[in-house]
Each structure stands twice: as C-alpha cells, then as structure tokens.
Amino acid sequence: MKLITATNYSDMSRIATEIILKRIKSSDKLTLGLATGSTPIETYQYMIEDYQQNKTDYHHVTTFNLDEYVGVGPTDRTSYYYFMKSKLFDHIHIPREQTHIPNGLANNLEDECSYYENKIKNQGGIDLQLLGLGSNGHIGFNEPGTNFDIKTHVEQLTEATRSANARFFDSLEEVPTHAITMGISTILQSNEILLLVSGEKKSSALTKLLKDTKLDPSFPASSLHNHPNVTIVADQEALQYANLT
Ligand code: GLP
C-alpha cells in the first residue's frame with residue numbers, strides 16, 4: 001500500500017483529482033469505479049472545475065458506482081443515483097449510458113446483482129476504483145463479517161452504518177436497512193484502488209488498516225492488503241493516531 005499524506009480534506013481531494021484526471025487523460029478507454037458519501041464530494045467538485053476550465057473529454061470513460069440503497073429510486077434525493085447526478089454527472093460531459101449504478105428498485109434484487117457484476121466483467125473490469133472508508137472499516141457497503149470472496153450482493157446495513165449515514169436523511173428511521181453493493185472480490189479485481197480517508201472520525205479505522213496487515217473479515221478494509229496496487233490518500237486528522245515514523 002502506498003500512502004500519500006494530505007494536509008487537510010481539500011488537499012486530499014486535490015491529490016485524488018490529480019490522480020483520477022491523469023488516468024482519464026492518458027487512456028483511450030477507462031473504467032472508473034466511483035464512490036459516494038461525504039469523502040469524494042470535493043474530489044467531484046474539482047473534477048467539475050477541471051471540466052469547466054479544460055473541457056476534459058469523458059467520452060472514453062465508463063463508470064460503475066460501488067453501491068445503492070435498496071428501496072430508493074433515481075428521483076429520490078437520498079439515492080446514490082441522485083447523488084452522482086447532482087454532484088458529478090450533470091456537470092461533466094459523460095454519455096449517461098456509460099454511467100452505471102445498481103438499481104435499488106429492482107423487482108428481483110439477486111438478478112440485479114448478477115446483472116451488475118456481469119456488466120462490470122463484460123466491460124473488462126474496473127481500471128481505477130475510488131473508495132471511501134467506513135468508520136467500522138466497511139468498503140462499499142461490505143459490512144464487518146462479509147466474506148472476502150463475495151461478489152455484488154445485497155447487504156444488510158449495520159446500525160452503526162445507518163446512524164453514520166442518517167445525516168443524509170430526515171431521520172434514522174428513513175435510512176434503508178439494505179443496500180446493493182459491489183462485493184469485496186469485485187472491488188479487489190480492480191487494477192488500481194484509490195482509498196480516500198479524511199477526518200478524525202476515520203482515524204481509528206485508518207490506524208488499524210495501516211498498522212495491522214492481518215486479513216480479518218471483521219474489518220473489511222483489511223482485504224485491501226490482498227491487492228497489489230492500493231494508494232491511500234489520507235489527511236492529517238485521519239492520520240493523527242497512526243504515529244507513522
Ligand atoms: C458509506 C458508503 C461508502 C462510503 C463510506 C464512507 O456508507 N456506502 O461507499 O465510502 O460509507 O462514507 P463517508 O465518506 O460519508 O464517510
């Protein structure tokens with residue numbers, strides 16, 4: 001794992017944007033795995049600023065988002081579909097049919113998971129996967145205890161995750177109990193992983209990830225130790241207890 005230390009959230013976002021834009025500008029065909037949550041918001045803002053200034057071409061870029069809540073639809077403001085549209089896709093010129101997010105309203109969720117997994121496979125896999133880190137060590141929505149071999153599936157969200165994400169909803173009761181998520185094995189099949197970590201509330205999870213290389217299903221992010229090309233961009237608040245000397 002390569003660690004890049006950022007001074008703060010904005011610096012982390014700027015560094016992440018540089019890495020992503022470099023891959024976009026240097027390839028003829030690129031498949032990006034994208035994340036939601038608070039962590040990547042400013043990265044997407046910088047990508048939009050870059051688009052406005054440089055008209056960066058996205059016609060050769062295909063995207064797959066990590067996850068989506070079960071039971072929320074594209075027009076629902078709490079859906080990850082809505083998040084991606086409002087925070088990125090509406091502001092850059094990327095063909096909409098090249099952007100993919102699991103359908104949380106699918107009648108048959110199991111079929112939707114296989115369909116999504118196959119779409120990634122048929123696309124040739126993910127070149128660069130952007131990840132955030134849950135305070136409990138989750139990646140995507142792969143919660144503690146998830147098998148590392150698992151592909152795209154429906155995950156029951158822990159109460160810790162529902163509480164952490166309640167800020168995006170009117171109340172805790174409204175936070176869905178389940179989500180479709182790329183599995184850990186789906187994530188690990190990406191060629192390159194870019195993990196962004198910011199803020200004190202991620203510091204204990206980040207310290208565990210950096211200090212303990214043991215593969216531990218109760219800490220899903222530890223699966224990243226199995227991947228040959230992971231870059232972590234973390235800010236000083238997130239790194240404050242890591243004592244990296
Ligand atoms: C959420 C998402 C993840 C995200 C993580 C961290 O629940 N499903 O994809 O990376 O948890 O979220 P945040 O960036 O808001 O702290």
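Whatever order the structure lists ligands and atoms in, that order sets their numbers, starting from 1. None of these values were measured; they are calculated from a predicted model.
Contacts of S38 with ligand 1, taken as heavy-atom pairs under 4.0 Å, involve both backbone and side chain. Residue contacts with ligand 1, taken as heavy atom pairs separated by less than 4.0 Å, involve Y80 solely via side-chain atoms from C-beta onward.
No close placement of the Y58 and F89 rings is indicated, their centers lying 6.0 Å or farther apart.
Scanning all protein heavy atoms for the shortest distance to atom 4 (C) of ligand 1 gives T36 O, 4.0 Å. Of the protein's non-hydrogen atoms, H138 NE2, 3.5 Å is the one closest to atom 5 (C) of ligand 1.
Of all the listed residues (N165, L34, L130), N165 holds the heavy atom that lies closest to atom 7 (O) of ligand 1. If you check each of G140, G37, A179 against atom 2 (C) of ligand 1, the one with the closest non-hydrogen atom is G140.
Taking the ring centre of F64 as origin, the terminal cationic atom of K119 falls outside the region bounded by 6.0 Å and 45° from the ring axis. A cation-pi arrangement is absent between K85 and F83 under the rule of less than 6.0 angstrom and at most 45 degrees off the ring axis.
Atom NZ of K25 is surrounded by more than 12 heavy atoms from other residues, nucleotides or ligands within 6.0 Å.
Polar contact with ligand 1: present for T39 (N/O pair, distance under 3.5 Å).
A parallel orientation is assigned to the rings of Y80 and F141, their planes being inclined by less than 30° (bins at 30° and 60°).
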